[in-house]
Asker: 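My structure is below; once you've seen it, I'll send some questions.
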Amino acid sequence: MVQFRNAEREIQFKIVYYGPALGGKTTNIEALHEITDVEGKSSVTSLKTSEDRTLFFDFMPFELGEIQGYKIRIQIYTVPGQVHYNTTRKVVLAGADGVVFVADSAPTRLQENYTSYENMKSNLLANRMNTSDIPVVIQCNKRDLPDASPIPLILAAMRLDAKEAFGACAITGEGVVPTFQSVVQQALASFARKFQLDKKGVTTEQLESGVKRFFAPFLNAKRGGAPATPQPEPLEAKVTLAQPLSEEEQLVAALQSTTQLAEQYQETERLSRMYQARLQEMTVLFELGSQIAGMESAEAVMRAVAGRLREARPQWVVSAFITEEDKPRPLLTDPLPKDPLWSAEAPGVGNMALGLLQRGGTARLDRLSERLANIGLQLPIPLDEALAVAMGSRDKSKGHLILYAPPEKPFSPEDLRFASLVERLVSPRLQAIELTAQLASANERLEQRVVERTAELAATLEKLKEMDQLKRAFLNSVSHEMRTPLTNVRSYADLLARHPEQMQAHGQEYLQVILSESMRLEALITDLLSFSKVKEPPRGDNCDLASVLDEVVEALGPKANAKYLQLQVQKEKGSLPVRINKEDARVLFYQILDNAIKFSPDGVRVKVYLLDDPEKIIYAVRDFGPGFPKDQRERLMEESREGKPQVAFFKQPGFGLGLFLVREVLGKYGGAIHIESMEPGSNVLVEFPKQAAAEARAASRK
C-alpha cells in the first residue's frame with residue numbers, strides 16, 4: 001500500500017521480489033542496482049538475523065519524477081530463500097504495491113516454482129490481499145542454462161493460464177530492467193485508478209510514458225562487473241528475544257526493527273547525498289556571486305555565469321545572450337557551432353527562441369530535436385530539452401541563458417531549482433548594472449540640461465534687462481502721451497474758471513478742445529486696458545463672433561460717419577460661436593477696422609468680411625486709403641519680440657499699440673495675418689483655427 005510522506009512530499013511504492021530459494025531474486029536486485037546506478041550514488045542494504053543463514057531482505061530507493069508535486073520513490077524488497085518461519089515472508093509482503101515472482105528455469109525446479117507461487121498467494125491472503133489487488137509480474141530467470149525449460153512449460157507447471165512472463169538472466173542483467181519497468185508501470189497505473197488521478201489531469205498513459213522515458217537508457221544495458229563504488233558491509237542486527245513472546249512473535253519484532261533500521265540507514269544516505277549536492281551548489285553560487293560582484297557590464301556577467309554553469313553541469317550545453325535594443329544577442333554557444341534556437345538560416349527558429357526567451361523566469365521546451373527537425377534544422381549532437389532562464393528586471397530581462405540537456409540525462413526538478421537559484425543570484429547584479437548605467441546616463445543628461453538651462457537663464461536675464469528698458473521707455477511714452485491731453489484739458493478748464501468773461505466769446509472753442517482732448521485721453525486709456533486684457537490666457541469660453549463684430553461696428557460708427565465713410569459688413573447668418581476670449585475678439589476686430597477708418601479718405605467705402613471656413617475663421621477689412629508702405633508691411637510680417645510695441649505705421653496720436661495687439665491675439669490662438677496692397681487701399685486678412693486647434697494652442701502655452 002502506497003505511503004504518503006507529506007513532510008518530504010513523497011509517494012513511496014513497495015515492490016517485492018518473491019520466488020523459490022536460489023532462484024535469482026537477490027541477483028536481480030544486484031543487477032538492477034548495478035545497471036541503473038553506475039556512479040554508485042546509492043547502495044544495496046542487506047540485513048541478517050542470527051536464525052537466517054542466507055540473505056533475506058534488500059532495500060534500494062528509486063526516484064521517478066513527480067505526481068502533483070509529490071516525488072515518486074520505489075522501495076525494493078526480497079523475501080528470504082531459506083527461512084525457518086513463514087512469518088518472514090508475510091511481514092515482507094505486507095503493504096506491497098507490486099510483486100515480481102522470479103521462477104527458476106531449471107527443469108528440476110518446476111515443482112518448487114509452483115510451491116513458492118502458492119505460498120505467495122497464501123501469504124497475500126494472510127495480509128488481506130490477493131493477486132487481483134496488486135500487479136504480479138512473472139520472470140523466468142536463468143534462461144542461459146543449456147537445458148532451460150520453455151517459458152510456457154514453466155507457466156503451465158505453476159498452473160498459470162496465458163500469463164505474461166519475461167525471460168531473464170540476472171547474472172548478465174538481461175531482462176532485469178524490462179521486468180522491473182513492467183511492475184512499476186502496473187503499480188503506478190493501479191495507484192492512478194484507485195485515486196482517480198485522471199480527474200486531476202494525470203492519466204495512466206502519462207505515468208507509463210514517464211516510466212518508459214526513465215528506463216529507456218537502461219533497457220538494453222547489461223552488467224559490466226562490480227559497482228562503481230564499494231558496497232558497505234551488511235548491517236548485522238542482533239536480536240535478543242525476550243520472554244514470554246513466542247518464537248514467531250520474536251521474529252516479527254526482529255523483522256520490523258531491522259526493516260526500520262534499514263529504512264533509516266537509507267534515508268540517512270539519501271539525506272547525505274542531498275546535502276552534499278546542496279553544498280556543491282552553494283559553493284558554485286558563492287564563487288559565482290563573488291566573481292560577478294565587481295563586474296560592470298552585463299556581457300561580462302553573462303559570460304561568467306555561462307562558464308560557471310559549464311563547470312557545475314558539464315553535461316549541459318550552455319548558450320548566453322544579452323538583450324540590446326529589445327533583441328537578444330548571442331555571446332557564446334560552445335561546444336555547438338551555432339545555437340540551435342538562434343539560427344537565422346532556418347525559418348521560424350529565431351521566432352521560437354525569441355518566444356522562449358521572452359517568457360521570463362524559467363521556460364522549458366521539450367522534444368527539441370524533433371521540433372527543430374520539423375523546420376529543417378539538424379543538430380550536430382542530440383538534444384531533447386531546452387531550458388531558458390531570463391535574468392534582470394522582470395518587465396525587461398537583460399540577460400538570458402538557454403540550457404540544453406542530453407537525452408540520457410533530462411532536466412530534473414533539482415536542475416530546475418538550481419537554475420532558479422542562479423537566476424535569483426544574477427538578476428540583482430544585472431539590475432544594479434542597468435540602474436548604474438541609467439544613473440550615469442541621467443547624470444549626463446542632467447549636466448547637459450544644466451548647461452542648457454544656464455544658457456537659457458542667461459538669455460532670459462538679457463531679455464529681462466531689455467524688457468526693463470522697454471518698460472521704462474513705454475512708461476515714458478505713456479507719461480508723455482497722457483500728459484499732453486491732460487495739460488490741455490486742465491489749461492482750458494482753468495482759463496474758463498479764472499476768466500468767466502471769456503465764456504461768451506471763446507467758451508464754445510475752449511469746450512471743444514476739452515472734449516477732443518478728453519476723447520483722446522479715453523482712447524489712450526482704452527489702449528492700455530486692451531494691452532492688459534490680451535495678456536490674459538484663454539479661458540475656454542464660447543464667444544459669438546457675429547455679435548462682437550456688430551458691437552465693434554456700432555462703436556466705430558461715429559468715427560465713420562464723421563468721415564462720411566460707408567461700412568459694408570458681410571458675415572454669416574446667425575451666431576458664430578468660437579472658443580476665444582470676448583475681449584480678445586473685440587480687440588482684434590476693433591483695431592483692424594479702426595485702422596482702416598483712420599487712413600481711408602472721406603466719402604469712400606470700407607468692406608468688412610467675417611467668414612466661417614470648415615477649419616478656420618476668416619476676418620478681412622478692405623479699405624481704399626493710401627495703403628501700407630512696403631517697408632512697414634514687411635516689418636509687420638516679421639516675428640516681433642514679445643512685449644515690445646510695434647512702431648506706429650503712420651504718425652497718429654496714441655501709443656502705436658493697434659497692430660501689436662492684433663499680433664498678440666493671433667499669437668495666442670495660433671492665427672496669422674496677411675496684408676495685400678490693392679491700389680488704392682489695402683486688404684487686411686486675419687485667420688485663426690477653430691475650437692480644436694485653438695484649445696491645443698492654448699494648452700501648449702500654459
Side-chain angles (χ1 to χ4, degrees), residues 1-3 11-21 23-26 28-29 32 56-58 62 72 74-81 83 85-105 109-142 149-168 170 175-197 204 207-208 211 255 259:
M1 180 178 181
V2 295
Q3 297 182 12
I11 303 175
Q12 197 163 274
F13 292 81
K14 180 178 180 180
I15 304 297
V16 177
Y17 277 71
Y18 211 99
K25 302 181 297 298
T26 302
N28 257 274
I29 293 178
L32 181 65
F56 74 90
F57 170 80
D58 292 302
F62 275 83
I72 303 172
I74 307 294
Q75 288 182 332
I76 306 172
Y77 296 77
T78 180
V79 296
V83 64
Y85 303 101
N86 191 50
T87 305
T88 305
R89 298 179 182 269
K90 288 191 291 185
V91 171
V92 175
L93 275 177
D97 299 292
V99 176
V100 176
F101 187 88
V102 182
D104 198 321
S105 295
R109 304 294 302 278
L110 296 180
Q111 182 61 35
E112 293 183 42
N113 291 337
Y114 170 72
T115 302
S116 180
Y117 190 80
E118 292 298 318
N119 177 259
M120 178 193 73
K121 293 196 296 183
S122 175
N123 286 330
L124 286 174
L125 291 174
N127 285 299
R128 298 181 180 181
M129 303 164 62
N130 56 55
T131 55
S132 62
D133 294 332
I134 62 172
V136 178
V137 175
I138 306 298
Q139 182 197 83
C140 296
N141 191 29
K142 301 183 181 179
S149 300
I151 292 179
L153 178 62
I154 298 173
L155 296 179
M158 295 171 61
R159 313 298 194 270
L160 295 176
D161 297 331
K163 186 73 175 178
E164 180 185 8
F166 290 87
V176 171
V177 175
T179 303
F180 185 69
Q181 175 182 317
S182 177
V183 72
V184 170
Q185 285 179 323
Q186 294 183 43
L188 291 179
S190 175
F191 171 76
R193 290 191 296 270
K194 180 178 180 181
F195 289 92
Q196 299 180 347
L197 296 184
T204 303
L207 294 175
E208 291 180 353
V211 174
L255 287 171
T259 299

Asker: Is there side-chain contact between Y18 and V136, with at least one heavy-atom pair below 4.5 Å?
Answerer: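 Result no, sub-4.5 Å side-chain heavy-atom pair not found.
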Asker: Are the side chain of N141 and the backbone N or O of A170 linked by a donor-acceptor pair below 3.5 Å?
Answerer: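 Yes, because the side chain of N141 sits within donor-acceptor range (under 3.5 Å) of the backbone of A170.
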Asker: Do L32 and V177 come close enough that some side-chain heavy atom pair is under 4.5 Å?
Answerer: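 Yes, close enough: below the 4.5 Å cut-off.
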Asker: How many angstroms lie between CE in M129 and CE in M120, if you round to the nearest 0.5 Å?
Answerer: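 Separation between the atoms: 10.0 Å.
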Asker: Does the side chain of F13 reach to within under 4.5 Å of the side chain of V184, using non-hydrogen atoms?
Answerer: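 A side-chain contact is absent here, since even the closest heavy-atom pair is not under 4.5 Å.
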Asker: Working to the nearest 0.5 Å, report the span between CE of M158 and CD1 of I138.
Answerer: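 Going from CE on M158 over to CD1 on I138, the span is 4.5 Å.
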Asker: Provide the closest heavy-atom pair for P135 versus A187 in the form atom of the first, atom of the second, distance.
Answerer: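 Taking P135 first and A187 second, the nearest heavy atoms are CG-N, 3.8 Å.
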Asker: For L188 and E208, what are the C-alpha separation, side-chain angles and deciding distance, and is it a side chain to side chain contact (heavy atoms under 4.5 Å, CB included)?
Answerer: CA-CA 8 Å; L188 291 179; E208 291 180 353; over 6 Å; no
Asker: Testing V176, T78, V100 one by one against N28 for a side-chain contact (heavy atoms from CB on, under 4.5 Å), which residue passes?
Answerer: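 Of all the options given, the one that passes is V176.
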Asker: Evaluate the side-chain proximity of I134 to D97: yes if any heavy-atom separation is below 4.5 Å, no if none is.
Answerer: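 No, their side chains stay 4.5 Å or more apart.
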Asker: What's the spacing between N113 CG and R159 CZ if we round to 0.5 Å?
Answerer: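 The CZ atom of R159 is 11.5 Å from CG of N113, to the nearest 0.5 Å.
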Asker: Is there a side-chain contact between V99 and V183 in this structure, where contact means two heavy atoms from C-beta onward sitting under 4.5 Å apart?
Answerer: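 They are not in contact (no side-chain heavy atoms under 4.5 Å apart), so the answer is no.
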Asker: Given side chains that start at C-beta, do those of S190 and Q186 come closer than 4.5 Å, heavy atoms only?
Answerer: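 No, every pair of side-chain atoms sits at 4.5 Å or beyond.
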Asker: Mind checking the OG1-CD1 spacing from T179 to I15? Nearest 0.5 Å is all I need.
Answerer: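 CD1 of I15 is found 12.5 Å from OG1 of T179.
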Asker: I'd like to know if the side chain of K14 reaches the main chain of V92, judged simply by a donor and an acceptor atom lying under 3.5 Å from each other, with no hydrogens or angles considered.
Answerer: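 Side chain of K14 to backbone of V92: a pair is present.
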Asker: What residue among Y17, Y77, F180 forms side-chain contact (heavy atoms from CB on, under 4.5 Å) with I29?
Answerer: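 Filter result, single survivor: Y17.
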Asker: Report yes if the side chains of Y114 and P20 come closer than 4.5 Å at any heavy-atom pair, otherwise no.
Answerer: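 Side chain of Y114 against side chain of P20, heavy atoms only: no contact under 4.5 Å found.
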Asker: So, does R128 use its side chain to make a donor-acceptor pair with the main chain of A126 at under 3.5 Å?
Answerer: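 No; judged by distance alone, with no hydrogens or angles, the pair does not exist.
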Asker: Would you say the side chain of D104 lies within less than 4.5 Å of the side chain of E112, judging by non-hydrogen atoms?
Answerer: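 SC-SC contact between E112 and D104 ruled out.
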Asker: Quick one: pull up OG in S149 and CG in L155 and give me the separation to the nearest 0.5 Å.
Answerer: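 If we round to the nearest 0.5 Å, S149:OG and L155:CG are 11.0 Å apart.
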Asker: Is it the case that the side chains of N127 and N123 hold a donor-acceptor pair, with the cut-off being a distance below 3.5 Å and no angle test?
Answerer: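 Side-chain D/A pair, N123 to N127: absent.
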Asker: Any chance the side chains of S122 and E118 put a donor and an acceptor closer than 3.5 Å?
Answerer: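 There is no such pair (donor and acceptor under 3.5 Å, judged by atom type) between the side chains of S122 and E118.
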Asker: I'd like to know if the side chain of R109 reaches the main chain of A103, judged simply by a donor and an acceptor atom lying under 3.5 Å from each other, with no hydrogens or angles considered.
Answerer: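 Flag not set: sc R109 to bb A103 has no pair under 3.5 Å.
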Asker: Locate the shortest heavy-atom distance separating A189 from T204; write the atom from each residue and the value.
Answerer: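 Of all heavy-atom pairs spanning A189 and T204, the closest is CB-CG2, 3.6 Å.
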Asker: Quick check for you: to the nearest 0.5 Å, what is the distance between F191 atom CZ and L207 atom CG?
Answerer: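 That separation rounds to 8.5 Å.
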